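Computed from a predicted structure; not experimentally measured.
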Amino acid sequence: MWNNVKAKVMGLKILHGFCNYCTQRHASVGVWVKRTPEKHRRCGQVPGKTRLFATRNYLSTEPPWRVLFFGTDDFAVESLKLLSASRDSNDRVVESLEVVTLSNDVPVKKFADQNKLPVHVWPLGDLQGRFDVGVVVSFGCLLREGLINQFPCGILNVHPSLLPRWRGPAPVFHTILHGDTITGVSVMQIRPKRFDVGPILHQEIYQVPDNFTADQLGATLATKGAQLLIDTLRTLPERITNRREQAQDGATLAPKISTSMSWIVWEEQTCVQIDRLFRAIASRIPLRTIWMGKTIKLLDFAGKCNISLSGRGRIPVPGSMSYQKESNTLAVCCKDGWVGFKAVMLKKRLSAADFYNGYLHQSFQNRPGPPKQECLFHSNRDRTELHSAGEENSLTQLHVVH
């Protein structure tokens, strides 16, 4: 009969396995156990033989844990770094660490390779009780119930918002876009079939600094989320016992950002809204407008401009442009004022001065009367209306949008 002493001598301190006759895990503390047919009558089977195997006690209340990490991007790497470092710390919460990712060309895979962490190919097969807990950070795939159930402590998720606000793949972008002054990070348990609906184990509030971009906020929350994850794992059984379901009220969705969000609607968006839009998405998708039938990208946002055109014989309509020589800024009229840009992109990048001197200067010489088309930016949705109105200029080419 195998016993604890022999298991330790043979290096079987953390042995594990599944029953030979059913899919149930049988808990023992490093001891080899001979299973008899009576143990499995509940499975409706009458086995003809027994099997010697060992399992770890899955009801252990103390770390360190055997962790399987699911992730892809730089946000996820911050959590993976702390998990990896925890294996060698005095206050160890991670015993072993392995990684699942979706591509060879992502930051998580590169970090795993550099630190010699085992990497699994997605989708996963049977894990055979090899892990205590899973951790998901920016993975992007729903996990099936059968996979979740293979982790005795479930699968945790680090999410950069105060759930249930901003469920979905882009919470940081929507936090900036909607002007939230308070956000945070949440550690929750994964549930199958839907994203970000599981019970909360731990949350931390964070006040969003003024003028923060989505990139800055994401980097800050990645660091805070990683530490919150370690804190959660340190007292995981207690956290699971005291978990709370998410409130039904206050839930909002944070869908992926897309190019369609980058078009400015000058007559509807305020200076503040354009500022938020730029800080939310411009590092990935430049803001866009229509000029002379072509797409033009607006770069290097300069904020709100204090401009008065009274007495100049020109009525400032949304989309009107004004070049500010003293600050080398191209100002554009929106719903409630003017916003400035230091550069634009046509076929190549042009400073505000180059754009004005090369394309706008002559048109600006004749100020009286309504602004010329050369001095106006149009919203993307105006293309059809302008074409239907029979505009006799290059706006008839508005169907060619890159």
Given Arg130 and Gln150, is the side-chain hydrogen bond (donor to acceptor under 3.5 Å, both in side chains) satisfied, shown in steps? CA-CA 9 Å; Arg130 294 162 52 188; Gln150 292 187 54; over 6 Å; no
Can you find a heavy atom in the side chain of Phe69 that is under 4.5 Å from one in the side chain of Leu117? no
Report the C-alpha separation of Asp113 and Val119 in whole Å, then their side-chain angles, then the decisive distance to 0.1 Å, and conclude whether the side chain to side chain contact (heavy atoms under 4.5 Å, CB included) test is met. CA-CA 8 Å; Asp113 290 342; Val119 177; 4.2 Å; yes
Roughly how far apart are Asp91 CG and Ser89 OG, rounded to 0.5 Å? 6.0 Å
Got a donor-acceptor contact below 3.5 angstrom from the Asp275 side chain to the Gly303 backbone? no
Taking C-beta and beyond as the side chain, do Met345 and Leu350 meet within less than 4.5 Å on heavy atoms? no
If we ignore hydrogens and angles and just use 3.5 Å, is the side chain of Thr270 paired with the main-chain N or O of Gln273 as donor and acceptor? yes
Centroid separation under 6.0 Å, is that true for the rings of Trp166 and His159? no
Salt bridge flag under 4.0 Å for residues Lys348 and Asp354: no
CG of Asp196 to CE of Met188, rounded to nearest 0.5 Å, is 5.5 Å
Kindly compute the distance separating CE (Met292) from OG1 (Thr295), expressed to the nearest 0.5 Å. 14.0 Å
Under 3.5 Å, is there a donor-acceptor pair between the side chain of Asn157 and the main chain of Val136? yes
Pair Arg349-Asp300, salt bridge (Lys or Arg N to Asp or Glu O under 4.0 Å): steps then yes or no: CA-CA 11 Å; Arg349 181 186 175 96; Asp300 299 349; 2.3 Å; yes
Work out which heavy atom in Ala353 is nearest to a heavy atom in Asn328; give both atom names and the distance. N-OD1, 3.0 Å
Any salt bridge linking Lys109 with Asp105? Criterion: basic side-chain nitrogen under 4.0 Å from a carboxylate oxygen. no
For the residue pair Ser379 and Val265, what are the closest heavy atoms and their distance? OG-CA, 3.3 Å
Side chain to side chain, Leu330 and Phe377, heavy atoms closer than 4.5 Å: yes
Within a strict 4.5 Å, meaning less than it, do heavy atoms of the Phe278 and Thr213 side chains meet? no
Yes or no on side chain to side chain contact (heavy atoms under 4.5 Å, CB included) for Val208 and Ile182, after CA distance, side-chain angles and deciding distance? CA-CA 6 Å; Val208 183; Ile182 298 294; over 6 Å; no
Salt bridge flag under 4.0 Å for residues Glu245 and Arg191: yes
Minimal heavy-atom distance between Cys153 and Leu236, with the atoms involved, is CB-CD2, 3.8 Å
Do Glu98 and Ser96 have a side chain donor and acceptor closer than 3.5 Å? no
Answer with yes or no after comparing the ring centroid distance for Trp65 and Phe151 against a 6.0 Å cut-off, counting only values under it. no
How far apart are the closest heavy atoms of Pro169 and Lys256, and which atoms are they? CG-CG, 3.5 Å
Could you check if a side-chain atom of Tyr206 sits within less than 4.5 angstrom of a side-chain atom of Leu217, using non-hydrogen atoms only? yes
Using modelled atom types only, decide if a donor and an acceptor are shared between the side chain of Thr329 and the backbone of Gly340 within a distance under 3.5 Å. no
Heavy-atom check, side chain of Ile281 versus side chain of Arg284, under 4.5 Å: no
Is Lys342 atom NZ crowded by more than 12 heavy atoms from other residues, nucleotides or ligands, each under 6.0 Å away? yes
What's the spacing between Ile155 CD1 and Phe131 CZ if we round to 0.5 Å? 11.0 Å
Check: His202/Arg239 side-chain N/O donor and acceptor closer than 3.5 Å: yes
Over all heavy atoms of both residues, which pair between Ile200 and Ser186 is shortest? Give the atoms and the distance, please. CD1-CB, 4.3 Å
Short side-chain to backbone donor-acceptor contact, Asn380 and Ile264, under 3.5 Å: no
Going through the checks in order, is the side chain to side chain contact (heavy atoms under 4.5 Å, CB included) test met by Phe173 and Thr175? CA-CA 5 Å; Phe173 297 102; Thr175 296; over 6 Å; no
Run the salt-bridge test on Asp231 and Arg234 with the 4.0 Å N-O cut-off and return the result as yes or no. yes
Can Thr289 and Trp266 be said to form a side-chain hydrogen bond (donor to acceptor under 3.5 Å, both in side chains), step by step? CA-CA 9 Å; Thr289 190; Trp266 301 106; 2.9 Å; yes
Any donor-acceptor N/O pair, Thr232 side chain to Leu228 backbone, under 3.5 Å: yes
Flag, side chain of Asp73 to backbone of Ala76, donor-acceptor distance under 3.5 Å: yes
Are the side chains of Ile230 and Leu83 in contact, using a 4.5 Å heavy-atom criterion? yes
Would Ser84 and Asn115 count as having a side-chain donor-acceptor pair, cut-off 3.5 Å? no
Which pair of non-hydrogen atoms, one from Gln227 and one from Leu82, has the smallest distance, and what is that distance? N-CD1, 3.6 Å
With rounding to the nearest 0.5 angstrom, report the SG to CZ distance, Cys305 to Phe341. 9.0 Å
Verify whether one side chain among Arg279 and Gln216 offers a donor that lies under 3.5 Å from an acceptor in the other. no
Would you check if the side chain of Thr223 reaches a backbone N or O of Ala219 as a donor-acceptor pair within less than 3.5 Å? yes
Polar side-chain atom of Gln189 near backbone of Arg243 as donor-acceptor pair, under 3.5 Å: no
Evaluate Gln269 against Leu277 for side chain to side chain contact (heavy atoms under 4.5 Å, CB included), listing each step before the verdict. CA-CA 10 Å; Gln269 290 173 299; Leu277 181 63; 4.0 Å; yes
Measure from the side-chain N and O atoms of Asn149 to the backbone N and O of Glu145, and report whether any donor-acceptor pair falls under 3.5 Å. yes
When rounded to the nearest 0.5 Å, the distance separating CG of Leu253 from CZ of Arg165 is 11.0 Å
Is a donor from one side chain sitting under 3.5 angstrom from an acceptor on the other, for Ser86 and Arg92? no
Do Phe139 and Trp122 have ring centres separated by under 6.0 Å? yes
Quick one: does Leu80's side chain get under 4.5 Å of Val108's, heavy atoms only? yes
